[in-house]
Amino acid sequence: MSKHARHLRGLTIATLVFFLAGLALTFFYAPDDVNQGFAQKIFYIHVPLAIVSLCGYVLGGVFGVIHLRTRERIWDLRSYTAIHMSLIFSVGGLLSGAIWAKVAWGHWWVWSEPTLVSYLIVVLLFCTYQPLRFSIEDPERQSMYASVFSVVAGAFVPLNFLIVRLSEAFVHPRVLNLEGGTLPGSMALAFYVMVIAVALLFATLMKFEMLAKETRGQTRRLRRKLLGDDAVAPVGRSAAPL
Amino acid sequence: MPLIAAGQPTDFVSLHTAVKYVAGAYIVVFAIILIYLGIMAWRLANNQRELAELHKLVEERDAEVPEREQEPAL
Amino acid sequence: MSGATEVETASAGASADTPRPPGTLATAAAILRKDLTVELRTFETVPAMAIFTVATFVIFHFGLQRDTLSGQLAAGVLAVSLLFAAILGTNRLFVAEREQGGFDGFLLAPVDRSAMFLAKAAALFLYMAVLELVAVPAFALFAGPPRLGSALGGLVLFLALADIAFAVIGTLVSALAVHTRARDLIGPIIGLPLQIPALICFALGTGHLFTLHGSQTPPGEWLLILGLYDVVNALLAYAVFDFLLEE
């Protein structure tokens with residue numbers, strides 16, 4: 001059994017349990033917000049998605065560093081999968097954020113919210129990860145360059161957040177308050193359970209994708225062994241490491 | 001975000017509208033994850049089909065080999 | 001004339017008395033000298049960047065329909081025009097190396113690979129500095145921001161720090177993109193988001209300088225953050241650049 005398959009079942013069950021618990025806490029336990037009422041429930045899915053995807057980008061950079069140091073393909077695959085999953089989570093985060101902005105402020109997009117703006121910049125940067133991989137044919141070079149990108153972009157995430165936040169703080173001075181800092185206890189519980197649930201979902205899907213990629217690679221190798229090199233289509237047009 | 005008990009109270013959106021937006025947000029997120037899972041399931045099915053094909057090939061080859069081995073003996 | 005020949009002659013000269021390869025700075029200086037010589041003989045990059053910037057000012061005039069610009073608007077037009085010019089220069093940075101085998105020659109030479117990064121970043125910085133000698137007067141002429149004369153000192157500081165960011169990030173992105181199939185597209189799309197923090201610092205800082213009743217001194221916090229962004233990116237690029245030159 002592949003090492004990616006290990007714990008996959010346990011992780012899946014844990015994800016489901018935490019998700020159900022988180023949703024139940026969100027809708028039946030946490031009180032409605034004083035200012036926003038029921039609309040604030042979007043917070044419990046939007047913010048965990050954003051936090052987990054940002055951590056995923058940084059994680060991709062950490063895996064990239066390990067790949068550059070060890071030169072083992074597995075770390076490139078991990079880096080790729082982490083960034084790929086983060087991109088998917090980011091789309092969810094941006095869309096739910098836009099819906100929340102609409103219901104809370106009446107606009108689909110708000111430039112005065114530094115967290116939202118810096119998040120968009122980060123997503124824009126990571127959107128170029130797949131085209132970069134896609135446009136390098138040599139697999140060896142593809143993995144090296146992708147790792148270099150993941151390291152630079154991973155370091156860019158906190159830097160960018162700092163600068164965008166400071167720009168807002170200098171231009172429109174106000175009290176900085178961190179997410180969750182002022183959450184009352186019952187809201188905080190639901191929020192943290194949702195964060196754990198989304199993080200578990202990230203881990204599960206990442207493991208799942210790595211297993212799928214590995215199985216795909218094994219099938220290709222088997223086909224090559226049985227039918228010769230000509231029977232296997234070149235990987236060329238793929239952005240994913242195999 | 002200064003949304004929780006901070007800043008001046010915004011206009012309360014009616015519960016009816018709020019429910020629509022909240023449901024929309026959650027549905028969008030789950031739809032994205034479902035689409036991802038759907039694509040992965042499609043790829044898995046492709047892979048399984050290919051494996052079955054290879055499996056059949058191996059069996060055919062195994063069936064051929066003994067016959068050829070018997071020929072010189074006959 | 002490629003980078004390799006310069007490096008080889010440099011090392012050949014050193015081997016006459018001592019068989020040591022040239023140091024990082026000597027190698028970087030050789031490559032930089034080569035780049036500047038090529039640029040002075042062909043006038044390929046900097047004049048194109050200058051024309052592009054002036055054309056951008058004109059385009060902004062028609063897009064915004066303003067005869068004079070001030071405050072944040074003036075700073076934004078200047079910052080965006082310079083950023084786009086930097087992207088233009090970034091695209092050309094490694095083209096000669098790739099097309100004429102300079103990379104192979106450089107990799108064969110027994111020299112520190114980081115020298116290439118230092119040389120290219122310095123070249124891009126110098127290109128930007130020369131470009132601004134044309135662009136800032138053109139900007140003053142076309143946009144007529146208030147108090148440009150008294151703000152000049154602060155503006156030069158901001159330009160220098162922003163140029164470092166453009167040069168460092170531009171060199172890294174250019175090296176990333178030069179071996180890709182769609183390098184003209186990949187370079188800018190990776191470069192633009194990475195340059196946004198520098199653009200924020202530059203635009204907000206200089207916007208303050210161009211305001212009619214603003215203070216004369218450049219806003220120190222933006223200089224500091226921009227400088228910090230430069231330093232972090234330079235260290236990062238220096239650390240990862242070697243991996244981009246491997247075969």
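First the proteins, then the strands, lettered A, B, ... as listed; each starts at 1. Source: prediction; values computed, not measured.
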| field | A/E209 bridged to B/R43 by N-O distance under 4.0 Å | value | no
When rounded to the nearest 0.5 angstrom, what distance separates [atom1] in [X] from [atom2] in [Y]?
{"X": "A/I88", "Y": "B/I39", "atom1": "CD1", "atom2": "CD1", "value": "7.5 Å"}
{"X": "B/K20", "Y": "A/I99", "atom1": "NZ", "atom2": "CD1", "value": "12.5 Å"}
{"X": "B/E50", "Y": "A/R216", "atom1": "CD", "atom2": "CZ", "value": "4.5 Å"}
{"X": "A/L23", "Y": "B/F30", "atom1": "CG", "atom2": "CZ", "value": "5.0 Å"}

| said: I want to check something: taking the side chain as every heavy atom from C-beta on, are A/V91 and B/V28 in contact at a cut-off of under 4.5 Å? | reply: no
| task | May I ask you to test the B/L54-A/T219 pair for a side-chain heavy-atom distance under 4.5 Å? | result | yes
| task | Heavy-atom distances under 4.5 Å only: say whether A/L205 touches chain B with side chain, backbone, both or neither. | result | both
| note | So, the part of A/F89 with a heavy atom under 4.5 Å from chain B: the answer is neither
| field | Largest heavy-atom contact set with chain A, pairs under 4.5 Å, which of B/V22, B/I33, B/L44, B/I32 | value | B/V22
| Does atom OH of B/Y36 have more than 12 heavy-atom neighbours from other groups under 6.0 Å away? | yes
Which heavy atom of [X] sits nearest to which heavy atom of [Y], and what is that distance?
{"X": "B/Y26", "Y": "A/I42", "result": "CE1-CA, 4.3 Å"}
{"X": "A/L226", "Y": "B/V58", "result": "CD1-CG2, 3.5 Å"}
{"X": "B/V29", "Y": "A/S96", "result": "CG2-CB, 4.1 Å"}

| message | Working note: A/R223 + B/E53, criterion salt bridge (Lys or Arg N to Asp or Glu O under 4.0 Å); need CA distance, chi angles, decisive distance, verdict. | response | CA-CA 10 Å; A/R223 196 181 178 87; B/E53 209 176 282; 3.6 Å; yes
| query | Do A/V103 and B/T17 pass the side-chain contact (heavy atoms from CB on, under 4.5 Å) test, and can you show the C-alpha distance, the side-chain angles, and the key distance before you say yes or no? | reply | CA-CA 8 Å; A/V103 65; B/T17 344; 6.0 Å; no
